[in-house]
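Let me begin by presenting the structure, written as structure tokens, before commenting on it.
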Amino acid sequence: MIDPRLRTLQLVAHHRSVSAAARALHFTSSAVSQQLRGLSDELGVALVRQVGRRMEPTAAGHVLLRHAEALHALAEIARAELAGAEDTPGTIGLCGFSTAATRLLVPTAAALRERFPALAIQVVEAEPARCIDLLLAGDCDLALLVVDDRVPPATDQRFEQHPVLDDPIDLAVPVGHPLTTRSEVSLRDAAAEPFITCRPDSAYHRLTLAACQAAGFRPFVAHYADEWDTGTALVAHGFGIFMLPRLAPVHPGTDIVRLRLGGPAAPVRRIVAVTRAGGAAQKVISHALDSITGIAASIAG
């Protein structure tokens, strides 16, 4: 319904890079550049410019981006009205980080399949930054994200954010660890321990560092593990401690103790559902949001 080159301009402005926008859109860099040149020639104004290594929107580019955001929001509302006039609900793409995909997205996809048998559903497990790309490119319609400094602010007019769950962080320690004898444990009590966390620059690695810094220390990271099973196995064999979200499962028989953290700096993951602006008006997306929040409420309860 809308000139697809506007979506390309949005992705270039979001990433400040032609190559990153091309990856998000599954295009070549030359195709992205060609689209931008064509749109600029058609409008008679320059839309982006090179500033150092980054591509920045010009003043005209910012004007067009503002109108593009409004147009895409209206398009989402139009899709909602069109879907309401049809018997077949169409398609929906759901994406989110690993734990949310397992505990929230998969049961939601199953509920949608039962409610809308003709619905085409796709679930994508992805890091938050990739989820934002999927939303902007139109490849997914709803994303579950952990709020951090990479998630767009709630004031970002391109998206709507919907609270889902505050997921407390536990501390996984080996059986017999001295901290297991305490009636209450804070993250600060573990400041001298070797930590196990996900790879650098991952969302959970950043969350771990931020939580420790909020508790007043910088952790010594001894090992890296992207999977909960690997992290807890390292803990069980005495290689360190692991911050483990309450949503994350532990493999039966793993010799660890999950300690609930207290104190003023008790860490928590704030999980939100993000849709494109206007997207929640669509019946299928609204049902998905209701399912996700219902499942989250049962988990929290």
Please work out whether the ring planes of H287 and F116 are parallel, tilted or perpendicular, with thresholds of 30° and 60°.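 Plane angle over 60°, so perpendicular.
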
What orientation do Y204 and W228 show, parallel under 30°, tilted 30 to 60°, or perpendicular over 60°?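 Answer is perpendicular, since the angle exceeds 60°.
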
How many angstroms lie between atom [atom1] of [X] and atom [atom2] of [Y], to the nearest 0.5 angstrom?
X: R49; Y: T58; atom1: CZ; atom2: OG1; result: 7.5 Å
X: D41; Y: Q34; atom1: CG; atom2: CD; result: 10.5 Å
X: I241; Y: I256; atom1: CD1; atom2: CD1; result: 11.5 Å
X: D226; Y: D229; atom1: CG; atom2: CG; result: 12.5 Å
X: L142; Y: I92; atom1: CG; atom2: CD1; result: 6.5 Å
X: T108; Y: I295; atom1: OG1; atom2: CD1; result: 3.5 Å

Taking side chain to side chain contact (heavy atoms under 4.5 Å, CB included) as the criterion, tell me which of V268, D189, D170, V185 meets it with L261.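 Only one option passes, and that is V185.
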
So which of T197, I169, V147 actually passes side chain to side chain contact (heavy atoms under 4.5 Å, CB included) with L207?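 Testing L207 for a side chain to side chain contact (heavy atoms under 4.5 Å, CB included) against T197, I169, V147 leaves exactly one candidate, I169.
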
Hydrophobic clustering (ILVMFWY, side-chain heavy atoms < 4.5 Å, transitive) - are [Y] and [X] grouped together?
X: V257; Y: L187; value: yes
X: V106; Y: I292; value: no
X: F220; Y: F195; value: no
X: F217; Y: L179; value: yes
X: V250; Y: M243; value: yes

Passes side chain to side chain contact (heavy atoms under 4.5 Å, CB included), E193 versus H177? Steps please. CA-CA 11 Å; E193 299 283 343; H177 190 281; 3.0 Å; yes

Give a yes or no on whether the backbone of [Y] and the side-chain of [X] come within a donor-acceptor separation of less than 3.5 Å.
X: H26; Y: A22; value: no
X: Q122; Y: T91; value: no
X: D141; Y: G93; value: yes
X: R103; Y: L247; value: yes
X: R7; Y: L136; value: yes
X: R113; Y: A120; value: no

Shortest non-hydrogen contact between [X] and [Y], atoms and distance:
X: V164; Y: A273; result: CG2-N, 3.5 Å
X: P163; Y: V272; result: CA-CG1, 4.4 Å
X: L135; Y: A143; result: CD1-CB, 3.8 Å
X: G96; Y: L105; result: N-CD1, 3.5 Å
X: C131; Y: L145; result: CB-CD2, 3.5 Å
X: S17; Y: A20; result: OG-N, 3.1 Å

Using side chain to side chain contact (heavy atoms under 4.5 Å, CB included), reason through L65 and Q10 one step at a time and then give a plain yes or no. CA-CA 7 Å; L65 283 166; Q10 284 184 310; 3.8 Å; yes

salt_bridge([X], [Y]) N-O dist < 4.0 Å:
X: D167; Y: R246; result: no
X: R5; Y: E42; result: yes
X: R269; Y: D166; result: no

Using the rule given for side chain to side chain contact (heavy atoms under 4.5 Å, CB included), can you reason through L39 versus L64, listing the C-alpha separation, both sets of side-chain angles and the distance that settles it, and then say yes or no? CA-CA 11 Å; L39 189 58; L64 187 57; 4.0 Å; yes

Please determine, by modelled atom types, if S98 and E125 share a side-chain donor-acceptor pair under 3.5 angstrom.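 No - no donor-acceptor pair under 3.5 Å links their side chains.
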
Under 3.5 Å, is there a donor-acceptor pair linking the side chains of H15 and R23?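 No, R23 and H15 have no side-chain donor paired with an acceptor closer than 3.5 Å.
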
Got more than 12 heavy atoms from elsewhere within 6.0 Å of [atom1], [X]?
X: Q50; atom1: CD; answer: yes
X: Q213; atom1: CD; answer: yes
X: E56; atom1: CD; answer: yes
X: H162; atom1: NE2; answer: yes

Please step through side chain to side chain contact (heavy atoms under 4.5 Å, CB included) for the pair I271 and F97, ending with a clear verdict. CA-CA 10 Å; I271 300 172; F97 61 98; 3.8 Å; yes

